[in-house]
Amino acid sequence: MSVDSTKDIPLQVHNWVCEHICYDWDAFEAGTYYELAPDEVLQSSKGVCESIANLVQDILLESGIPCIKVWGVAINADSSWENIDISPDRINHTWNEFYMDGHLITMDCTMDMANSYSQGEYSYRPWSCEYFDPDENFFARTHLRLRRGDTFPENIPSDWAMEEICTLVDTTTVPL
């Protein structure tokens, strides 16, 4: 199935990011990570959650889909919230929400991707779609929203990759 409506674009973006970008475990474990701009993520094919969320946000905004970043606390699915510090200064994760058809929809590419960059090696594995428009009860088991971005000024689309985004949308297909 090819992209034939605006509704397909967020799923296409999710799948492309989860297939082509790696989580940078080397930077995370060394504590040397920092927020990368979308073009830096594309050039290196890696980043941590904030950088990945930057890439997703810019692509969706360029596609005309309102998108924000969300900051909060995330835990593994097999963990418990019992002993987790959820104070606002303990933010440990960033993901996206986009607005479509009158609804705010959650997308966390970082949690769905299985790709990694570790010990200087890129590793690509199949991704999931568990965190693309997840059920709120499911999402609440692993995520707590602490802060949402707004639409101005940092969420205004730029033209940094318009040609690449158009090519992506025109040539990408949704896996069956």
Side-chain angles (χ1 to χ4, degrees), residues 1-24 28 33 35-72 74 93-117 122-136 138-139 142-143 145 147-176:
M1 177 169 90
S2 65
V3 176
D4 57 10
S5 76
T6 305
K7 290 181 182 181
D8 295 329
I9 293 172
L11 181 59
Q12 294 290 343
V13 170
H14 171 276
N15 293 351
W16 189 91
V17 168
C18 289
E19 182 175 347
H20 293 93
I21 304 299
C22 294
Y23 188 83
D24 191 349
F28 177 80
Y33 60 90
E35 183 178 355
L36 298 175
D39 59 332
E40 294 173 299
V41 176
L42 288 174
Q43 288 170 358
S44 67
S45 297
K46 63 183 178 183
V48 295
C49 59
E50 178 111 24
S51 301
I52 293 164
N54 287 342
L55 176 62
V56 168
Q57 180 182 31
D58 267 18
I59 293 172
L60 289 181
L61 289 172
E62 283 293 338
S63 301
I65 299 169
C67 181
I68 60 172
K69 291 192 303 188
V70 181
W71 296 269
H93 192 54
T94 309
W95 60 95
N96 300 95
E97 290 179 343
F98 62 93
Y99 190 75
M100 183 168 280
D101 296 333
H103 297 93
L104 200 56
I105 299 170
T106 300
M107 176 177 14
D108 188 344
C109 290
T110 303
M111 293 293 272
D112 277 339
M113 71 174 45
N115 300 337
S116 63
Y117 180 80
Y122 289 91
S123 174
Y124 295 90
R125 297 184 196 99
W127 71 91
S128 75
C129 282
E130 288 183 311
Y131 290 93
F132 181 87
D133 194 14
D135 172 78
E136 274 300 314
F138 168 78
F139 192 73
T142 57
H143 289 69
R145 291 173 185 91
R147 194 175 98 221
R148 280 187 165 107
D150 57 30
T151 54
F152 299 102
E154 70 225 25
N155 294 347
I156 297 172
S158 65
D159 61 0
W160 67 267
M162 181 57 83
E163 182 179 335
E164 290 83 357
I165 291 166
C166 290
T167 301
L168 168 71
V169 171
D170 288 343
T171 62
T172 308
T173 60
V174 175
L176 299 175

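Just so you know, these numbers use all the heavy atoms, side chains as well, and skip hydrogens, waters and symmetry mates.
No hydrogens or angles considered: nothing links the side chains of D133 and H103 as a donor-acceptor pair under 3.5 Å. For the residue pair W127 / N115, no side-chain donor-acceptor distance below 3.5 Å is found, with atom types taken as modelled.
Partners of E130 under the side chain to side chain donor-acceptor pair (under 3.5 Å) rule, at least two apart in sequence or in another chain, do not exist in this structure.
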Could you walk me through whether K69 and N96 pass the side chain to side chain contact (heavy atoms under 4.5 Å, CB included) check? CA-CA 5 Å; K69 291 192 303 188; N96 300 95; 4.0 Å; yes
Can S63 and F98 be said to form a side chain to side chain contact (heavy atoms under 4.5 Å, CB included), step by step? CA-CA 11 Å; S63 301; F98 62 93; over 6 Å; no
E40/S51 under side chain to side chain contact (heavy atoms under 4.5 Å, CB included): CA gap, chis, key distance, verdict: CA-CA 9 Å; E40 294 173 299; S51 301; over 6 Å; no
Does the side chain to side chain contact (heavy atoms under 4.5 Å, CB included) test come out yes or no for M107 and V17, once each step is laid out? CA-CA 11 Å; M107 176 177 14; V17 168; over 6 Å; no
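Between P10 and I65, some side-chain heavy-atom pair lies under the 4.5 Å cut-off. Annotation: side chain of V48 is in contact with side chain of Y23 (closest heavy-atom distance under 4.5 Å).
Contact detail for H14 and S128: the closest heavy-atom pair is CE1-O, 3.2 Å. Residue A114 comes nearest to P126 through the heavy atom pair CB-O, 3.3 Å, listed as atom of the first residue, atom of the second, then distance. Smallest separation of non-hydrogen atoms from N54 and P38: O-CG, 3.7 Å. Closest approach of C129 and L11 over heavy atoms only: SG-CD1, 4.2 Å. Of all heavy-atom pairs spanning S123 and C22, the tightest one is O-SG, 4.0 Å.
Rounded to the nearest 0.5 Å, atoms CD (E50) and OG1 (T110) are 10.0 Å apart. Interatomic distance, I52 CD1 to M111 CE, rounded to the nearest 0.5 Å: 12.0 Å. If you take CZ on F28 and SG on C49, they are separated by 8.0 Å, rounding to the nearest 0.5 Å. Rounding to the nearest 0.5 Å places CD1 of I21 at 5.5 Å from CG of L42. Going from atom CE of M113 over to atom NE2 of H20 covers 11.5 Å, rounded to the nearest 0.5 Å. Within the model, atoms CG of L36 and CG of L55 stand 10.5 Å from one another, a figure rounded to the nearest 0.5 Å.
Here the side chain of E97 pairs no donor or acceptor atom with the backbone of I68 at under 3.5 angstrom.
Residue W95 forms a ring pair (Phe, Tyr, Trp, His ring centres under 6.0 Å) with just one option from F132, Y131, W71, F139, and that option is F139.
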